[in-house]
Engineer: 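Mind looking over this structure? Questions follow.
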Amino acid sequence: MKKISILGLTVGVILMSACSDCPEVETLNIADVKAEIVSLEKAYSDASTGNDIEALLSYYADDAKSMAPNEVTRVGMSEIREATVKEMAGDIGNVSVMEVQNVWAAGEIAVESGTYTVTSLDGEVVSIGKYMSLFEKRNGKYVCIRDIWNSDLELEEDEDDLSEMESKEL
């Protein structure tokens, strides 16, 4: 019995000393992660409001996928750029505000959910909705690798489109 206890103690000491050279695992401070994500969303909002395509695109990783409402997924920087340029062409004077509500993180990954509001210069709500973004830490900073959003407003049906749809049904 004494030999087993000494053997167990010896093995335990060897295992503990073997880990003395192991790299330390970085502990995430969720408040720091949230602060970084809030900063990214503020920069995104400012870039959107200012129609600054380059600043807005710095939010995304080169291989990001962006899932906008009512269209196919935008894959990669080229497709995200093309769609965003088209959106910005119609958004002159709009003010975008992103509000981070929740942030979760583990390792190099962070997930955020929030709400957005877009208003015209006279204060009229143009769009309001919710979003979710997935971030990965690359080269020491988070970049968005996936995002999705949708409006809380009801879809307005264009009368011409509606009558065209009705005539096809007959």
Engineer: Evaluate the criterion side-chain hydrogen bond (donor to acceptor under 3.5 Å, both in side chains) for residue pair Tyr60 and Asp147; output intermediate values, then yes/no.
Structural biologist: CA-CA 9 Å; Tyr60 292 100; Asp147 70 350; 2.6 Å; yes
Engineer: When clusters are formed by joining ILVMFWY residues with side-chain heavy atoms under 4.5 Å apart, either directly or through shared neighbours, do Val111 and Val38 land in the same one?
Structural biologist: no
Engineer: Would Asp63 and Arg138 pass as an ion pair if we require N to O under 4.0 Å?
Structural biologist: yes
Engineer: Please round to the nearest 0.5 Å and tell me the distance separating atom NZ of Lys65 and atom CZ of Arg146.
Structural biologist: 5.0 Å
Engineer: Charged N to carboxylate O under 4.0 angstrom, Glu87 versus Arg74?
Structural biologist: yes
Engineer: Can you name the closest pair of heavy atoms from Ala64 and Cys144 and give their distance?
Structural biologist: CB-O, 3.5 Å
Engineer: Compute the ring centroids of Tyr116 and Tyr44, then answer whether they are less than 6.0 Å apart.
Structural biologist: no
Engineer: Specify the closest pair of heavy atoms between Leu57 and Ile80, including all atoms of both residues, with the distance to one decimal.
Structural biologist: CD2-CG2, 3.7 Å
Engineer: Of all heavy-atom pairs between Met98 and Ser45, which one has the smallest distance, and what is that distance?
Structural biologist: CG-OG, 2.8 Å
Engineer: Can you list every ring-ring contact (aromatic ring centres under 6.0 Å, His included) pair that touches residues 65-110, not counting sequence neighbours?
Structural biologist: none
Engineer: Just how far is it from atom NZ of Lys141 to atom OG of Ser58, taken to the nearest 0.5 Å?
Structural biologist: 5.5 Å
Engineer: For Leu153, does its backbone N or O pair with a side-chain atom of Ser151 as donor and acceptor, under 3.5 Å?
Structural biologist: yes
Engineer: Is the count of non-hydrogen atoms from other residues, nucleotides or ligands lying under 6.0 Å from Asp122 atom CG greater than 12?
Structural biologist: yes
Engineer: Should Ile37 and Phe135 count as side-chain neighbours, where that means a heavy-atom distance under 4.5 Å?
Structural biologist: yes
Engineer: Tell me if the CG atom of Asn150 is crowded by more than 12 foreign heavy atoms within 6.0 Å.
Structural biologist: yes
Engineer: Within a strict 4.5 Å, meaning less than it, do heavy atoms of the Tyr131 and Val100 side chains meet?
Structural biologist: yes
Engineer: If two hydrophobic side chains count as joined below 4.5 Å and joins carry through other members, does Tyr59 share a cluster with Ile109?
Structural biologist: no
Engineer: Are Ile53 and Arg81 side-chain neighbours, meaning at least one heavy-atom pair lies under 4.5 Å?
Structural biologist: yes
Engineer: Enter the distance from Ser113:OG to Leu134:CG here, rounded to the nearest 0.5 Å.
Structural biologist: 12.5 Å
Engineer: If I take atom OG1 from residue Thr119 and atom CD1 from residue Ile128, how far apart are they, to the nearest 0.5 angstrom?
Structural biologist: 10.0 Å
Engineer: For Ser133 versus Glu41, what's the shortest heavy-atom pair and its separation?
Structural biologist: OG-OE2, 4.1 Å
Engineer: Count I, L, V, M, F, W, Y as connected when their side-chain heavy atoms are under 4.5 Å apart, and connections chain through other members. Are Val143 and Met77 then in the same cluster?
Structural biologist: no
Engineer: Give a yes or no on whether a salt bridge exists between Glu99 and Lys130, defined as a side-chain N under 4.0 angstrom from a carboxylate O.
Structural biologist: no
Engineer: When you compare the side chain of Met67 with that of Met132, does any pair of heavy atoms fall below 4.5 Å?
Structural biologist: no
Engineer: Which pair of heavy atoms, one from Ser48 and one from Met88, lies closest together, and at what distance?
Structural biologist: CA-CE, 4.2 Å
Engineer: Answer yes or no: is there a side-chain heavy-atom contact under 4.5 Å between Leu56 and Thr84?
Structural biologist: yes
Engineer: Looking at side-chain heavy atoms only, is the closest gap between Val118 and Val95 below 4.5 Å?
Structural biologist: no
Engineer: Shortest non-hydrogen contact from Tyr142 to Gly107?
Structural biologist: OH-O, 4.3 Å
Engineer: Quick check: does any side chain N or O of Glu79 sit under 3.5 Å from a backbone N or O of Val75, one acting as donor and the other as acceptor?
Structural biologist: yes
